[in-house]
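Every chain is numbered from 1, with letters handed out A, B, ... down the list of sequences.
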Amino acid sequence: GSGGSSGGASSGGSDVKIGLSVSTLNNPYFVQLRTGAEAEAKKLGATLTVTDAQNDASQQVNQVQNFASQGMKAIIINPVDSDAAAPAVKLAERSSIPVLAVDRGVNGAQVTQTVASDNVAGGKLAAQELAKQLGEKGKVVVLQGVAGTSASRDRGKGFTEGIAGYPGIQVVAQQPADFDRTKGLDVMTNLLQSHPDVTGVFAENDEMALGAIKALGGKAGTSVKVVGFDGTPDGLKAIEGGTLAASVAQQPALLGQQAVQNAVKAAKGEKLPATLDVPVKIATKDNASEFSAS
Amino acid sequence: MSEERPRPARGQEILRVEGLGKRFPGVVALDGVDLVLRAGEVHVLLGENGAGKSTLIKMLSGAYHPDSGRILVDGAPVEIRSAGDAQRLGIATIYQEFNLVPQLSVGENLALGRPPRRFGLIDTKRMHERARGLLARVGVEVDPKTKVADLGIARMQMVEIAKALALDARVLIMDEPTAVLTTSEVERLFAIVRNLRDQGVAVVFITHHLEEIAQVGDRVTVLRDGRSVTEVPATTPQDELVRLMVGRPIDQQYPREAAAPGAPLLQVRGLTRAGAFTDVSFEVRAGEVVGLAGLVGAGRTEVARAVFGADRYDSGEVLMDGRPLPGGDVHAAMEAGLGLVPEDRKGQGLVLGADIAENLGLVTLRRATHGGFVDRAGQRTAAGEVAARLGVRMSGLGQEVRTLSGGNQQKIVIGKWLLADARVLLLDEPTRGIDVGAKVEIYQLINSLTASGHAVLMISSDLPEILGMSDRVLVMARGRLVGEIDAAGATQDAVMGLAVTEVEDARVH
Amino acid sequence: MSTDVLTRRPAVRGLLAENGPLAALVALAVVLSLLSGDFLSVTNLLNVGVQAAVTAILAFGSTFVIITGGIDLSVGAVAALSAIVLAWTSTSAGVPWPVATLVALVAGLACGLVNAALITYGKLPPFIATLAMLGVARGLALVVSQGSPIAMPDAVSHLGDTIGGYLPVPVLVMIIMGVITAVVLNRTYPGRAMYAIGGNEEAARLSGIKVNRQKLITYALSGAFAATAGVVLASRLASAQPQAASGYELDAIAAVVIGGASLSGGKGRALGTLVGALILAVLRNGLNLLSVSAFWQQVVIGVVIALAVLIDTLRRRGSA
Amino acid sequence: MSTDVLTRRPAVRGLLAENGPLAALVALAVVLSLLSGDFLSVTNLLNVGVQAAVTAILAFGSTFVIITGGIDLSVGAVAALSAIVLAWTSTSAGVPWPVATLVALVAGLACGLVNAALITYGKLPPFIATLAMLGVARGLALVVSQGSPIAMPDAVSHLGDTIGGYLPVPVLVMIIMGVITAVVLNRTYPGRAMYAIGGNEEAARLSGIKVNRQKLITYALSGAFAATAGVVLASRLASAQPQAASGYELDAIAAVVIGGASLSGGKGRALGTLVGALILAVLRNGLNLLSVSAFWQQVVIGVVIALAVLIDTLRRRGSA
Ligand SMILES: Nc1ncnc2c1ncn2[C@@H]1O[C@H](COP(=O)(O)OP(=O)(O)OP(=O)(O)O)[C@@H](O)[C@H]1O
Ligand SMILES: Nc1ncnc2c1ncn2[C@@H]1O[C@H](COP(=O)(O)OP(=O)(O)OP(=O)(O)O)[C@@H](O)[C@H]1O
Ligand SMILES: [Mg+2]
Ligand SMILES: [Mg+2]
């Protein structure tokens, strides 16, 4: 990269206006992503504007459109939906503003860089970890996120693919709980009636996993293993407490930080690699403290 | 009127009703009614409140479907399942309850259901032109573009009449059209009715004003308890009609027993609201019935509402027992002992979806509350007593007020204020739609109120009632009090003279 | 089978005939117990009760509002805000939990009063006033919590437990709030005034009812009930969440309307609302037990809600 | 400043005085243009238009329904379903896109007809009927799409483009639908019948208006408008999404009510609805431009909506 700027990353962001459209802030995961992004922007001296698309793809297009007319030097988009983000990206392209995608990729349009960890891979990882903790046999239920969202789709797909490799494990029920803790609690309570013999739970996010743990009560962590997704602070606390067996940690703060760092570079015309992989990691009791620290 | 015009088939039977029956949950509304309508005749339906008059005509207009019996038009049995069916058979109806759309203009209401169209789009210009013609025919000067909601109740009635005329029907049904009209409009209406009759239209006319029967009717069918008891000529003496209808004679139609007035209870001084009434001053003394007469739009209702605190006023004051009342505060007025029976029973008097007990207890709700809790049993008992006293025809105190007959609804509105025991009762058209028997009951109640030292201010467009029941008559015109006449010297001519003289240049004909 | 029982016990039949929604609930329960052996256990029925509790409490509050002819879209957001206020004051601000609970209830009440002020003095349509409050309350919940869940104090979390190992506290709270609703509606002045206002506001005013004041009470009650629901919800999860109860306003209104109330006002009952909330909860519970696929669940819920009310209206028409 | 302009140009003043919502919109625009230099550019104003389009089209459809005294909660879900139907028939089923578009519109219309049938023949309250349809339509969208977005055919995606490099197609569609709404409401028999039904249903019936048939037309229009909105939305995103337009029903209703309609029926105008939708869009656009923090945005939106309508009602009261 030959940005032309003399200083290092720490001083190179001054006066750079960056817009970040987050898919939703109704979820601690994305709140962390925002926090990471804001911290980095402050460090670099860039001006970061964050908007909340409230899980609505067309509001997100609106927000990117508005960013463009505000003269942002770079735009970070955290797509509500990978396909639906394409028009937004094309729109910014027309105004020659570099766009970075964070957390989810964009299909059907070329972004400057995708800073992401792979949800499908994360789902597979969750399946492997759950199988390991269950001794590769048992009955498992899946708590699904909001039907039709890409996060639910990809995580579910990864998990289904991953769990298929363990013939001793049977998925006895899949029910939607809309990424919501209360619904996780209610749905798990109900599933326990029809499937009292479950030994494992995969929840497509930590919120639902925490709800399920509430429903399981004393069983959580002992006779039933719960695996969540996201590695939110509450989730990590539950891991340390032994009720949550594991969570696929995507390090949202790191995602946000990396996205801003690279957005500043892009704004200065630096060339960036097409993808920046922030690895998914599985957080378990052994390594949970590492995640909490960040 | 138009003597030389040919009268097509006068006396020829157009519509016949045989053994018609209709029951509602808990009530047999009609139980075998026969009726024959002939071209060129005005057929009066007579009966007590709840006798089934409105139910009968609603089956002719397609609003209800009969349970038994049949309807024949031109000798052939017909099924009238909707208003459209009735219109196609040439039957037009003016209902007892207002059936206009308040948010729409007068013109649109007149064309409701069949607006003139051009290229599929509504031809507003033609619609308004037509409306103007119709309005002129009934003699009201209203701009067709006025919203119906902005009209007074009497002019709404005239619009209803115009709307029915627009159909050019063979059978025209009018359910108590004169209840809300004053003398001059009634005259106007009768002229229209006679004219239609002479053109061969069969008119069904419902009224509780017996004197109107001889004026406009040809034949009378008397309904009692859902049955048609007899058909008599309209020239039958009133006493006889009353006997047929009520089952017993009524000796005195206006049994007012005046007493010497006591101290002033209600004093109104210089009450003014721009555009409605100007400098209105009067007082009402204990034991008095004060009549308030005037033409439609004279502002009587507005004054009463302002006195009661239902509306605000610009200047002047209202005193009860010598103490001024705050303006625009119904609650304070009630506390001071005022009560108002409003003229629009459906819009302002009743909670139509609630039952009879609930409605009767509305005004006394606060009084029946002890420690936050309402004594509903006590309220029910009290409601039962008033309902019995007023002779409300109902299936029980739990009947929804919506399903009561018009006159019985009016009794409920009066009843709730009787329960409240207000010391000065403002009655705005209190006996509108009430049958002769029940009227006498209400007059006697007024007597007992005044005998116990209470007072009544009675607004009425029924001049005989004003003259028969008031101790003093106040006359309003164009928002001003134009005169006061003592009961002794009061005649219809004297009152009308006052009401009209001031109005020569006014909006009312 | 169930018809036999009904014919033999006229009291039960009378109750069902008068309570269309109750009949629908019973029918739903019968179908579900035939389809799933797990449905008709005591534990599961108590679960259903717990799951209905939050919606039911919100719906009780909405019943007042709907009876007056209004609508309250803010209940879900106010519930979330109150829960956040409770968690925040008792943890970050260190206020003892009983005081914090009171503060939360007052917060809910205050939201209701603002709604009422906008509606009565500001003459805003209830839809707009409470929609605005929805945004404001949800936003404030996010601002106070910084968008993250706040753990509830332990003492309050016990509200999510059971008493004597059987009776879940949320169910108890639901019953208490239901009884309060029934008493307020049937026996108190404000309750009767609500019916009158919803039936004919002008007639109520001309009968001496202070309409504005009664509306203040109505919306304040709705706010306080929403706060209670928020506390129950948060105590069940042991954590207050800024996004909790999103969209619950529609569930609450649906429960009230399924229970026989009319959005044009003047009608509605506490028991009906409870039944409405239970119908929704039974339905969701049953779909979980039957493991209906995620995509089809919404379809089935929609169809069953329509059917439940349809049966009720058709029955009423048949008897009329 | 703006007062000067107004006093000098009586025509403008008359228009604003008669159109309270319009005055609020103008006030909002003036404030925003003072606060943000970016607001008053042609591009940005066109952006606002595009951003308002979907809500406005849904709201036009809802205007019909609200004028009759009903409510349609299903518009967002029906929009999503129609878009999915279009994308699916033209890709998976290989139907040419003009036919597919027609099929999508028919799907929306059919949803509306089912709503109307439930309301008229089934006697369901509109709230319940359309809430049920919300679930059914959203569920069917998920079932058909298997929960994944479906790419739109290229030809249809151009609907999201601009004509002549300036006029965005969504804005054009919005204007066309607005004109249709205005004409239907003011000049056609069904339009006037809607006002009559909402104003006094009994009077309408007794005047020979076939109330049930007119309601069928009303909800069918709402469904067809929702389908149109769905197509516009999907073409903007170049992809049909089963979760699209979630919660838009409240925005649509809010736009109609801000525009001066009453939920109790009988009132409402196409221009008012357009202005209502623009107010919402301008507000969101402005908050983005001003970089208001995400958590505060909801608060500000709530407050401004309340203020906008408040100004209108106070002004009306003042002049009355
Ligand atoms: N929809 C209904 N449901 C139940 N009862 C009804 C209904 N409509 C009318 N009734 C009852 O039928 C009876 C006849 O009523 P109707 O309105 O025909 O009387 P009416 O002769 O017109 O009286 P009025 O002179 O007071 O207008 C009354 O007892 C009334 O309560
Ligand atoms: N002919 C008319 N032209 C224009 N406006 C009228 C006319 N008649 C009445 N109004 C309006 O309607 C209102 C009717 O007044 P209001 O009802 O108080 O009169 P009223 O004397 O009580 O008559 P009534 O009670 O007999 O209808 C008046 O304030 C006036 O604004
Ligand atoms: Mg009658
Ligand atoms: Mg009057």
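- Between H195(A) and S291(C), the closest heavy-atom pair is NE2-OG, 3.9 Å.
- In this structure, CZ in R181(A) is found 6.0 Å from CG in L237(C), a value given to the nearest 0.5 Å.
- In this model, no donor atom of one side chain and acceptor atom of the other lie less than 3.5 Å apart for R236(C) and T182(A).
- The parts of Q193(A) that come within reach of chain C are both its backbone and its side chain, each placing non-hydrogen atoms under 4.5 angstrom from that chain.
- Interface remark: S41(C) contributes side-chain atoms only to the contact with chain A (heavy atom separation under 4.5 Å).
- Residue contact with chain A, scored on non-hydrogen atoms closer than 4.5 Å, is absent for S36(C).
- When each of A244(C), A151(C), S239(C) is checked for heavy-atom pairs under 4.5 Å with chain A, S239(C) comes out on top.
- Looking at Q241(C) and P28(A), their side chains never come closer than 4.5 Å, going by heavy atoms from C-beta outward.
- With a 4.5 Å cut-off on non-hydrogen atoms, A238(C) touches chain A through its backbone and its side chain both.
- Using a 3.5 Å distance cut-off with no hydrogens or angles, the side chains of N190(A) and Q51(C) do pair a donor with an acceptor.
- The closest side-chain heavy-atom distance from Q32(A) to S148(C) is not below 4.5 Å.
- For a residue to count as touching a neighbouring chain, one of its non-hydrogen atoms must lie under 4.5 Å from one of that chain's; by this rule L142(C) touches chain A with the side chain only.
- Proximity to chain C (any heavy atom under 4.5 Å) is shown, for V187(A), by both the backbone and the side chain.
- The shortest side-chain heavy-atom distance between E207(A) and P149(C) falls under the 4.5 Å cut-off.
- The distance from atom CG of L290(C) to atom CD of Q175(A), rounded to the nearest 0.5 Å, is 9.0 Å.
- At a 4.5 Å heavy-atom cutoff, the contact between D186(A) and chain C is made by backbone and side-chain atoms alike.
- Of the atoms belonging to R284(C), it is backbone heavy atoms, and not side-chain ones, that fall under 4.5 Å from chain A.
- The structure places CD of Q144(A) at 8.0 Å from OG of S293(C), a figure rounded to the nearest 0.5 Å.
- When heavy atoms are compared at a cutoff of 4.5 Å, V292(C) approaches chain A solely by way of its backbone atoms N, CA, C and O.
- With values rounded to the nearest 0.5 angstrom, L46(C) atom CG is found 12.0 Å from T189(A) atom OG1.
- When heavy atoms are compared at a cutoff of 4.5 Å, L289(C) approaches chain A by way of both its backbone and its side chain.
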